[in-house]
K.L.:
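Below you will find the structure I want to go over with you.
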Amino acid sequence: MKSSIRSRFTVIFVSLMALSVGAVWCINNWFLESYYQNYKIRILENGYHAIDAILREQQAEGEKALSEAEGELNGDAPLSGEQEAKRLSDTILQMRERSNITLLIYDSMQDTAMVSSSRDIDMLRERVRQYIVGYDAYLREILREHDNYMIQKTFDPRSKTFYLESWGFFSDNRTIFIMRTPLESIRESASISNRFLMWVGLFVILSGSLILYFITKRITAPIHRLSQLSEKMSQLDFEAKYVPSRHSTEEIDILGNSMNVLSDQLKETIGELKSANNQLQLDIEKKTQIDEMRKDFIANVSHELKTPIALIQGYAEGLVEGMGDDKESRDYYCGVIVDEAGKMNQMVRQLLTLTALEFGNEQASMERFDLTELINGILTSSGLLLKQKGIGVDFSCAGPLYVWGDEFKIEEVVTNYVTNAINHADGEKRIEIRTDARERDGKREVLVSVFNTGLPIPEDDLPRIWTKFYKVDKARTREYGGSGIGLSIVKAIMESHHKAYGVRNRENGVEFWFTLDC
């Protein structure tokens, strides 16, 4: 069973929240302790510098030197010894209360403790002595090392606790110090933070999932209505319509209105299909006239083949009887035979094409293609013939012109028009090809025309040129190998596209035209 949109949204939200909480937990668990440790190290370093500055001021000789040094640092009046002692005491107290740092400072020359914030002074003094002589080095991990002191991580076996310790000498090289703070508080803080994050994350995931699950109901309800509407449409119930509700969104309303339009169009299209089906019944009745068409077809073909067959037979018999004694005569006889055979072959191929079109064996495969590219291709292939006959072609199109039709069959139509224009061009010997986009009966279409200068077609012959084997000038048609079938093929193709076509005489020539949807 497929999952719904609501459940998918909820699963995605829970997954993302769980990943986010898990990522924060990992960062908190892996990097928080390191961050706290570095923070404590900075406090130890700052504490060292602060205490070292105070001790240097105490040891300064002369009130004038002390006043100058203090004036450069703070811009205040020089402090007395009691004030310096108070500053030192305040600094140590601040480090202990805010950062939980215990400290011992003692004079190595006199071996006496100067300042201590720890109760166990002897333990701290013994520990720093061991560090100085290098004892228990394996229990230490040096983190920072400076000229007079270092910061390390140590383990106390007695308390089983890790400490951060800073020990060494102040700048007078006689005053020894040791500062230490436990790391257990850092780990405890990280643990508390992780537990808090876990509970907050679970609460956010649960509450967010519930809220999201109910919110998506408002989104999925209109979609469910649309699915029911599409199901009714699939059952050809076109009376069902989408009605916008108060909670529907703009996108859902647009989709619903589009489905209403689709329903109306389907209803109209099905009506047209029924009408087309009735027309098809009439077309089937017309099929009964095929026998008569076959009789006419056989008679016309017999008439058209009679002349080339007689020529081929006559010249072949001449060759057999030895009438062509020299090579030039034989070549001439053979050329006539080949030429007439070629005309017969072309006529047979055209007849096969026309027969297939008239009997409906070749259905138009409608597709959208570039008419400009098609015409340019035909003109390119006819370039040599145009050059030989000295015919100029005028065709200019700013860019692609996309139309609907069977590209292969429309190419046959344009080729027939262009070939006729080439064979009948006279006078100025000029061909004009025009494409005119227009709107007719609420639909956009393109009018394609091919004009050639020359003699016009007699008005009485204009309706008959689309008939099979009809020739206006039989002598000239025979000269270039025409069979009178080309325009019949054009007629069959355009009728299969249900588009208009025709011919008209102009002042200085003849223009053939047809239309296509765009």
Side-chain angles (χ1 to χ4, degrees), residues 342-343 346 349-350 353 368-438 444-458 461-462 465-466 471-473 475-494 497 499-518:
K343 292 177 181 179
Q346 180 182 3
R349 284 191 284 108
Q350 289 180 332
T353 301
R368 195 165 183 260
F369 63 92
D370 186 359
L371 182 61
T372 303
E373 183 180 354
L374 184 145
I375 296 174
N376 283 327
I378 294 173
L379 292 178
T380 300
S381 61
S382 303
L384 181 60
L385 184 59
L386 290 167
K387 185 176 180 181
Q388 289 176 349
K389 294 192 175 186
I391 301 174
V393 178
D394 181 13
F395 172 65
S396 59
C397 191
L401 180 59
Y402 290 97
V403 295
W404 284 96
D406 188 321
E407 184 175 2
F408 179 79
K409 292 182 172 61
I410 298 302
E411 182 179 5
E412 181 77 10
V413 172
V414 178
T415 301
N416 270 292
Y417 278 1
V418 172
T419 302
N420 280 345
I422 292 174
N423 292 324
H424 291 88
D426 207 343
E428 299 177 11
K429 289 194 173 183
R430 179 169 51 87
I431 296 176
E432 295 179 0
I433 302 176
R434 295 287 181 265
T435 57
D436 180 26
R438 61 185 185 178
R444 286 183 56 80
E445 65 177 14
V446 174
L447 174 66
V448 183
S449 62
V450 179
F451 167 79
N452 66 275
T453 59
L455 296 175
I457 300 174
D461 291 329
L462 284 177
I465 61 175
W466 309 102
K471 302 172 185 178
V472 176
D473 187 349
R476 186 175 179 185
T477 304
R478 175 70 189 168
E479 179 182 352
Y480 65 79
S483 59
I485 303 175
L487 292 179
S488 300
I489 293 176
V490 170
K491 175 185 176 182
I493 291 175
M494 296 314 303
H497 282 72
K499 300 303 296 182
Y501 62 97
V503 60
R504 52 178 169 260
N505 287 322
R506 285 173 47 178
E507 183 178 353
N508 58 339
V510 180
E511 181 183 68
F512 286 84
W513 60 271
F514 66 93
T515 62
L516 288 173
D517 292 328
C518 62

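Since the model is a prediction, treat every value here as computed from it, not as a measurement.
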K.L.:
With sequence neighbours left out, what residues match Tyr501 under ring pair (Phe, Tyr, Trp, His ring centres under 6.0 Å)?
P.N.:
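Per chain and number, Tyr501 pairs via ring pair (Phe, Tyr, Trp, His ring centres under 6.0 Å) with Trp466.
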K.L.:
Going by heavy atoms in the side chains, are Asn508 and Phe451 under 4.5 Å from each other?
P.N.:
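In short, these two side chains touch, coming nearer than 4.5 Å.
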K.L.:
Please tell me if the side chains of His424 and Val510 come closer than 4.5 Å, counting only heavy atoms from C-beta onward.
P.N.:
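With C-beta onward as the side chain, the pair stays apart.
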K.L.:
Are the side chains of Thr435 and Thr372 in contact, using a 4.5 Å heavy-atom criterion?
P.N.:
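Side-chain contact under 4.5 Å: no.
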K.L.:
Within a strict 4.5 Å, meaning less than it, do heavy atoms of the Phe514 and Val490 side chains meet?
P.N.:
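They are not in contact (no side-chain heavy atoms under 4.5 Å apart), so the answer is no.
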K.L.:
Could you tell me if the side chain of Ile433 sits less than 4.5 Å from the side chain of Val418, heavy atoms only?
P.N.:
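Answer yes - side chains close enough.
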K.L.:
Side chain of Asp370, backbone of Leu401: donor and acceptor closer than 3.5 Å?
P.N.:
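Looks like yes, one N/O pair under 3.5 Å.
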K.L.:
Got a salt bridge between Glu511 and Arg434, using NZ or NE/NH1/NH2 to carboxylate O under 4.0 Å?
P.N.:
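Salt bridge flag = no for Arg434 with Glu511.
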K.L.:
Donor-acceptor check, side chain of Thr515 to backbone of Val446, threshold 3.5 angstrom: yes or no?
P.N.:
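Side chain of Thr515 to backbone of Val446: no pair is present.
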K.L.:
Does the side chain of Leu462 come within less than 4.5 Å of Asn505's, by heavy atoms?
P.N.:
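They are in side-chain contact.
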K.L.:
Is Val503 close to Trp513 at the side-chain level, that is, under 4.5 Å between some pair of heavy atoms?
P.N.:
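Answer no - side chains too far apart.
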K.L.:
Is any side-chain heavy atom of Phe512 closer than 4.5 Å to a side-chain heavy atom of Ile465?
P.N.:
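Yes, their side chains come closer than 4.5 Å.
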